[in-house]
2 protein chains.
Amino acid sequence: MVTRKGTTRASILEASVDLFGSRGFSAVSLDDIAAVVGVAKQTVLYWFPSKDELLEAVLEQTAIELAAVIEAAVRSAPDEPLARVEAVIKAVLRPAVRRPALLGLVREVSRLSPEHAERLTTQVQPFVRRAIDYLAQEMQAGRLRTADPGLVVALSYATVTGIATEPTALRAVEWEATTAGLRRLRSELTEFLLAALRP
Amino acid sequence: MVTRKGTTRASILEASVDLFGSRGFSAVSLDDIAAVVGVAKQTVLYWFPSKDELLEAVLEQTAIELAAVIEAAVRSAPDEPLARVEAVIKAVLRPAVRRPALLGLVREVSRLSPEHAERLTTQVQPFVRRAIDYLAQEMQAGRLRTADPGLVVALSYATVTGIATEPTALRAVEWEATTAGLRRLRSELTEFLLAALRP
DNA sequence: CCCTCTTTCTACCATATGGTAGAGAGCGAT
DNA sequence: ATCGCTCTCTACCATATGGTAGAAAGAGGG
């Protein structure tokens with residue numbers, strides 16, 4: 001075949017993120033993925049020896065991508081906690097809205113086997129630690145509302161991924177997915193979180 | 001048979017909430033449910049003619065239960081928006097922690113067919129409308145931070161269900177599911193949301 | 001030209017799963 | 001007793017799905 005090395009593999013990963021993230025792991029068959037990519041099921045099984053290993057690869061790649069996005073946002077923001085939070089929201093919301101499945105996949109983790117969940121947790125752990133330490137320090141400095149920094153991280157995460165992964169909820173409050181609606185969503189989410197975090 | 005009328009049916013519904021809510025609809029087989037209840041698969045299919053109709057019944061019952069809990073909480077709280085929010089959090093968090101699958105099921109809705117999602121949305125719509133109107137009114141009266149009331153409802157919902165349905169995230173921040181941990185979670189969640197809503 | 005390596009596909013297979021058909025068991029009414 | 005109703009079960013079936021075996025088809029080196 002003519003395709004450049006890795007192209008098929010990458011396409012499979014991409015399609016898998018979308019499908020697993022939107023419908024859930026077990027609701028997606030290898031045939032579904034193959035159909036989206038435009039290959040035979042066996043090609044999928046050639047690049048990933050089993051559905052389970054495909055999932056692992058998908059999770060790992062997603063974690064890496066998201067980590068990079070967040071890392072860049074934090075780095076480019078001024079050294080002020082609220083500004084950084086705002087930057088992260090902005091950075092995460094863009095890919096999240098363009099590909100809703102991304103955060104959907106993150107959420108899917110809680111439904112998977114403890115092994116998969118723990119793998120991801122371990123991978124994300126250093127980031128979480130850093131975030132918690134940072135928040136703790138800024139709280140002590142009076143630049144953030146004093147609270148349990150760990151739970152604040154979890155709550156912020158819950159708010160952002162929650163709002164980004166539940167189109168149903170947004171439709172229930174008659175929100176519309178237009179450009180204007182998106183801008184409004186972003187600004188409301190930011191205000192909401194900043195209000196929750198401000199001293 | 002001797003069993004009181006409806007007992008089997010209720011057991012099936014209960015087990016289905018737990019299984020669908022924790023593992024996801026398509027990851028649960030009728031045999032799984034039957035095994036938990038302690039009957040044959042055919043008994044499940046006797047009470048609910050298909051897996052799909054079982055799901056519908058499960059969703060409807062869950063919606064009714066949750067609505068009752070929230071309704072009662074709002075009614076019993078003083079007529080002050082922040083107190084009401086606090087009461088609702090308290091009321092929702094109790095069943096949510098005891099049966100994590102409850103809110104997990106609510107979340108599952110976004111992965112299901114548009115028909116199921118719309119059914120639920122329609123059912124919940126009046127509550128949402130009332131909540132939005134109430135918030136709008138209280139914002140105008142200066143008792144809540146002024147914002148888009150619809151999105152505030154969605155964001156609050158996202159925060160609560162997010163934190164209640166993602167044990168993985170909580171474990172990642174080293175939260176422990178003890179009685180003390182639970183109390184702390186509730187108080188931090190309340191503080192977080194109240195801070196986000198206060199004028 | 002041919003050998004080998006990589007990549008993809010066709011042909012199957014075993015199992016799991018949703019669902020159908022119908023039998024049997026308890027029980028109240030006639 | 002027996003008829004009928006409710007409820008649960010055993011026996012099957014068709015299909016979908018994850019996975020195996022191995023053939024074909026290019027591409028590059030000798």
Side-chain angles (χ1 to χ4, degrees), chain A residues 1-61 105 108-109 111-113 115-116 119, chain B residues 1-61 105 108-109 111-113 115-116 119:
Chain A
M1 267 289 146
V2 204
T3 52
R4 221 172 54 250
K5 185 195 171 188
T7 289
T8 303
R9 197 187 134 98
S11 305
I12 293 172
L13 275 178
E14 197 188 327
S16 299
V17 170
D18 290 341
L19 289 171
F20 288 162
S22 61
R23 291 193 223 157
F25 176 66
S26 56
V28 175
S29 73
L30 294 180
D31 278 311
D32 290 338
I33 297 168
V36 168
V37 178
V39 296
K41 177 176 64 171
Q42 304 317 317
T43 303
V44 176
L45 282 167
Y46 169 77
W47 289 105
F48 305 91
S50 74
K51 195 186 176 188
D52 224 65
E53 294 195 42
L54 169 59
L55 174 63
E56 268 178 38
V58 164
L59 289 177
E60 191 178 332
Q61 205 215 279
L105 184 67
E108 181 74 3
V109 172
R111 327 209 99 137
L112 304 174
S113 72
E115 293 82 46
H116 283 130
R119 242 165 157 270
Chain B
M1 266 291 141
V2 203
T3 52
R4 223 173 52 252
K5 186 195 171 188
T7 289
T8 303
R9 196 187 135 98
S11 305
I12 293 172
L13 275 178
E14 197 188 326
S16 300
V17 170
D18 290 342
L19 289 171
F20 289 161
S22 61
R23 293 193 222 157
F25 177 66
S26 56
V28 175
S29 73
L30 294 179
D31 278 310
D32 290 338
I33 297 167
V36 168
V37 179
V39 297
K41 177 175 64 172
Q42 305 317 316
T43 303
V44 176
L45 282 168
Y46 169 78
W47 290 104
F48 305 91
S50 73
K51 196 186 176 187
D52 224 64
E53 295 194 41
L54 169 58
L55 174 64
E56 268 179 38
V58 165
L59 289 177
E60 192 179 331
Q61 205 215 282
L105 183 67
E108 181 74 3
V109 172
R111 325 210 101 136
L112 304 174
S113 73
E115 293 82 46
H116 283 129
R119 241 164 158 269

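Every chain is numbered from 1 and lettered A, B, ... according to where its sequence line falls, protein lines coming before strand lines.
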Return the [atom1] to [atom2] distance between [X] and [Y], rounded to the nearest 0.5 Å.
{"X": "Phe25(A)", "Y": "Leu55(A)", "atom1": "CZ", "atom2": "CG", "result": "4.5 Å"}
{"X": "Ser50(A)", "Y": "Glu56(A)", "atom1": "OG", "atom2": "CD", "result": "8.0 Å"}
{"X": "Glu108(A)", "Y": "Ser26(A)", "atom1": "CD", "atom2": "OG", "result": "7.0 Å"}

From the set [options], return the single nucleotide nearest to any side-chain atom of [X].
{"X": "Thr8(A)", "options": "dT8(C), dC9(D), dG19(C)", "value": "dT8(C)"}
{"X": "Tyr46(B)", "options": "dG18(D), dC7(D), dT10(C)", "value": "dC7(D)"}
{"X": "Lys41(B)", "options": "dT6(C), dT8(D), dG19(C)", "value": "dG19(C)"}
{"X": "Thr43(A)", "options": "dG19(C), dC9(C), dG19(D)", "value": "dC9(C)"}

Side-chain donor-acceptor pairs under 3.5 Å in residues 31-42 of chain B, sequence neighbours left out?
unit_1: Asp32(B); atom_1: OD1; unit_2: Ser29(B); atom_2: OG; d: 3.4
unit_1: Asp32(B); atom_1: OD2; unit_2: Ser29(B); atom_2: N; d: 3.1
unit_1: Asp32(B); atom_1: OD2; unit_2: Ser29(B); atom_2: OG; d: 3.3

Let me know the distance between [atom1] of [X] and [atom2] of [N], rounded to the nearest Å.
{"X": "Asp31(A)", "N": "dG19(D)", "atom1": "CG", "atom2": "C1'", "answer": "11 Å"}
{"X": "Gln42(A)", "N": "dT20(D)", "atom1": "CD", "atom2": "C1'", "answer": "8 Å"}
{"X": "Arg9(B)", "N": "dT8(D)", "atom1": "CZ", "atom2": "C1'", "answer": "16 Å"}
{"X": "Leu55(B)", "N": "dT17(C)", "atom1": "CG", "atom2": "P", "answer": "17 Å"}
{"X": "Ile12(B)", "N": "dC7(D)", "atom1": "CD1", "atom2": "C1'", "answer": "11 Å"}
{"X": "Leu45(B)", "N": "dG22(C)", "atom1": "CG", "atom2": "C1'", "answer": "15 Å"}
{"X": "Glu53(A)", "N": "dG18(D)", "atom1": "CD", "atom2": "P", "answer": "15 Å"}

OP1 or OP2 of [N] under 4.0 Å from side-chain N/O of [X]:
{"X": "Ser29(B)", "N": "dA16(C)", "value": "no"}
{"X": "Trp47(B)", "N": "dT8(D)", "value": "yes"}
{"X": "Ser50(A)", "N": "dG18(D)", "value": "no"}

**Report entry** Touch class at under 4.0 angstrom, heavy-atom based, for Leu30(A) against every strand present
**Finding:**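 If one applies the 4.0 Å heavy-atom cut-off, Leu30(A) turns out to touch the sugar-phosphate alone, with no base involved.
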Report task. Answer with base, sugar-phosphate or nothing: what part of the nucleic acid does Val28(A) contact at a heavy-atom distance below 4.0 Å? Result ->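 Sugar-phosphate contact only.
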**Report entry** Arg23(A), CZ: over 12 other non-hydrogen atoms inside 6.0 angstrom
**Finding:**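 Atom CZ in Arg23(A) is crowded, with more than 12 foreign heavy atoms closer than 6.0 Å.
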